[in-house]
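Data first, discussion second: the structure below is written as C-alpha cells.
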There are 2 protein chains.
Amino acid sequence: MTDDAVFRALADASRRQLLDALHVRNGQTLSELCQGRDMTRQAVTKHLAILEAANLVSTHKLGREKLHFINPVPINEIAERWIGKFERPRLAALSALKTSLERKDHE
Amino acid sequence: MTDDAVFRALADASRRQLLDALHVRNGQTLSELCQGRDMTRQAVTKHLAILEAANLVSTHKLGREKLHFINPVPINEIAERWIGKFERPRLAALSALKTSLERKDHE
DNA sequence: GTAATATGCAACTAAATGGTTGCCTGTCAA
DNA sequence: TTGACAGGCAACCATTTAGTTGCATATTAC
C-alpha cells in the first residue's frame, strides 16, 4: 500500500509547507528550501527524503546543487479516490462548478 | 489550522480503515467497529476520538451504545484545496470527465 | 435484583517521529 | 590550489503515538 506513504508524508505541516514552497517556485535547491524555515538543513533534508519516498517530490542533481520538483499525481490520485469514495453524488457537482468558476477566474 | 488535525487523522491506516467501515455502513457502534480488527476496543476508541476531533466522524449516544457517523466534508475541502493548488489546469478536466462518467455509471 | 453487555478512564510501554549536532565529501570560484 | 559553498551521513535525544492492561460505570435482559 503506497497510499500510506503519501498520507503519512502529508501529515506533517513542515512537509506541506515544503510542497507549498515548491508550488510557488518549482525546482528549488535544498538551500533555497531551507531559507526562512525554522529548522536545520538536515531536518529539511529528512522531510524532503520522506516526500521523495512518497513520490510527491522528485530530484535532479545539477553540479553541487540538488533541485527539487513537485509531483502532483499522487495527491490527485488520493483525492480522487477519497472524494469519490465518501461523497461522490453530493459534492461532485459542487466541485465541478467550483473548478469551472475558478478557471474562468484565471483566464 | 484545523487542516492539520485532518491530515494527521488520515495519516494512520487503521483510522482510514475505520472510515472505510463507516462508509460501507454508517452509524455503527463501537463494538461493531471493533469486529475483525486486530486491536483492542480501547485502541479503536482512541482512533475514533482522533477522527472525531478532526471532525471526520460524529457520534450520537443511544442508550448504552455509541453510534458513529462519517463526515465527508473535511476530506472534500482538503482535496479541493490540494488538487486545485497543485494541478488545477491539467487534472481538473480529467477529474470532471471521470466523475461525469461515474455518475452515468451509477444511474 | 443480578448478570451480561457497551462503553469510559487512566496509567503504562514500546516504537516511531521530528529534530539536533558533528563531521565528511564533492564542486565551484578566486 | 585553497577556501567557501552545497549537500550527505550517522549518532543521538525528546516527544508523540499506537497500543496495551486493569478497573469503573451505565444500560439492558432475564
Side-chain angles (χ1 to χ4, degrees), chain A residues 1-22 25-71 74, chain B residues 1-22 25-71 74:
Chain A
M1 215 198 277
T2 183
D3 267 22
D4 197 62
V6 178
F7 275 112
R8 295 185 94 98
L10 291 176
D12 185 87
S14 302
R15 288 194 285 270
R16 294 197 300 274
Q17 284 169 19
L18 285 169
L19 289 180
D20 282 349
L22 286 178
R25 188 164 64 80
N26 211 6
Q28 293 188 61
T29 67
L30 173 59
S31 301
E32 286 172 333
L33 287 170
C34 286
Q35 282 173 16
R37 235 157 276 283
D38 193 23
M39 60 180 113
T40 60
R41 173 176 56 84
Q42 285 80 353
V44 175
T45 299
K46 282 192 185 181
H47 283 307
L48 289 170
I50 289 169
L51 289 170
E52 198 173 353
N55 200 30
L56 286 164
V57 159
S58 63
T59 61
H60 177 33
K61 207 151 185 206
L62 186 64
R64 64 178 160 181
E65 297 182 331
K66 190 178 187 182
L67 308 181
H68 297 78
F69 300 89
I70 199 173
N71 178 18
Chain B
M1 213 198 280
T2 181
D3 266 23
D4 197 62
V6 178
F7 275 112
R8 294 183 93 99
L10 290 176
D12 187 90
S14 302
R15 288 194 285 271
R16 295 197 301 276
Q17 284 168 19
L18 285 169
L19 290 179
D20 283 347
L22 286 178
R25 189 165 61 83
N26 211 7
Q28 293 188 60
T29 67
L30 172 58
S31 301
E32 287 172 331
L33 287 170
C34 286
Q35 282 172 15
R37 234 156 278 284
D38 192 22
M39 61 180 112
T40 60
R41 173 177 56 82
Q42 285 80 355
V44 175
T45 299
K46 284 192 182 179
H47 283 307
L48 288 170
I50 289 170
L51 290 170
E52 197 172 356
N55 200 30
L56 286 163
V57 159
S58 63
T59 61
H60 177 33
K61 208 152 184 205
L62 186 63
R64 66 178 158 180
E65 296 182 332
K66 189 177 189 184
L67 308 181
H68 298 78
F69 300 89
I70 199 171
N71 178 18

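Values below: all heavy atoms of this structure, side chains included; hydrogens, waters and symmetry mates excluded. So that the names make sense, note that chain A is the first sequence line, chain B the second, and so on, each numbered from 1.
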- Can you find an N or O donor on one side and an acceptor on the other, under 3.5 Å apart, linking the side chain of A:Gln42 with the base of C:dG22?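 Yes.
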- hbond_proxy B:Arg64 side chain to C:dT5 base (donor-acceptor, 3.5 Å cutoff):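 Present.
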- Query: Between C:dA6, D:dG7, C:dT17, which nucleotide has the shortest distance from any of its atoms to the side chain of B:Ser31?
  - Reply: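 Among C:dA6, D:dG7, C:dT17, the one nearest the side chain of B:Ser31 is C:dA6.
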Quickly work out the [X] [atom1] to [N] [atom2] distance and round it to whole Å.
X	N	atom1	atom2	value
A:His47	C:dA16	NE2	C1'	14 Å
A:Glu32	D:dC5	CD	C1'	13 Å
A:Lys66	C:dT25	NZ	C1'	15 Å
A:Leu62	C:dG26	CG	P	18 Å

- Item | Heavy-atom pair of closest approach, residues A:Arg15 and A:Ala9 |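 Scanning both residues completely, I find the closest heavy atoms to be NE-O, 2.8 Å.
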- Query: Is the distance from OP1 or OP2 of C:dA6 to the nearest side-chain N or O of B:Thr29 less than 4.0 Å?
  - Reply: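 Looking at the OP1 and OP2 atoms of C:dA6, neither is under 4.0 Å from any side-chain N or O of B:Thr29.
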- Query: Hey, does A:Lys61 reach any base, or is it just sugar-phosphate, or nothing, if we go heavy atoms under 4.0 Å?
  - Reply: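 Nothing, no nucleic acid heavy atom in range.
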- Message: Mind checking if A:Thr40 touches a base, just sugar-phosphate, or nothing, with heavy atoms under 4.0 Å?
- Response: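 Base contact.
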- Task: By nearest nucleotide on DNA chain D, pick out whichever of A:Lys46 and A:Leu67 is the more 5' one.
- Result: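 With A:Lys46 and A:Leu67 compared, the 5'-side residue is A:Leu67.
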- Whichever of B:Ile50 and B:Arg41 has its nearest DNA chain D nucleotide further upstream toward 5':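 Result: B:Ile50.
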- Query: Between the main-chain N or O of B:Ser58 and the side-chain N or O of B:His60, is there a donor-acceptor pair closer than 3.5 Å?
  - Reply: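 The answer is no, because no donor-acceptor pair under 3.5 Å joins these two groups.
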- Task: Please say which of B:Asn26, B:Leu33, B:Asn71, B:Leu19 ends up in a side chain to side chain contact (heavy atoms under 4.5 Å, CB included) with B:Val57.
- Result: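 Of the listed residues B:Asn26, B:Leu33, B:Asn71, B:Leu19, the side chain to side chain contact (heavy atoms under 4.5 Å, CB included) partner of B:Val57 is B:Leu19.
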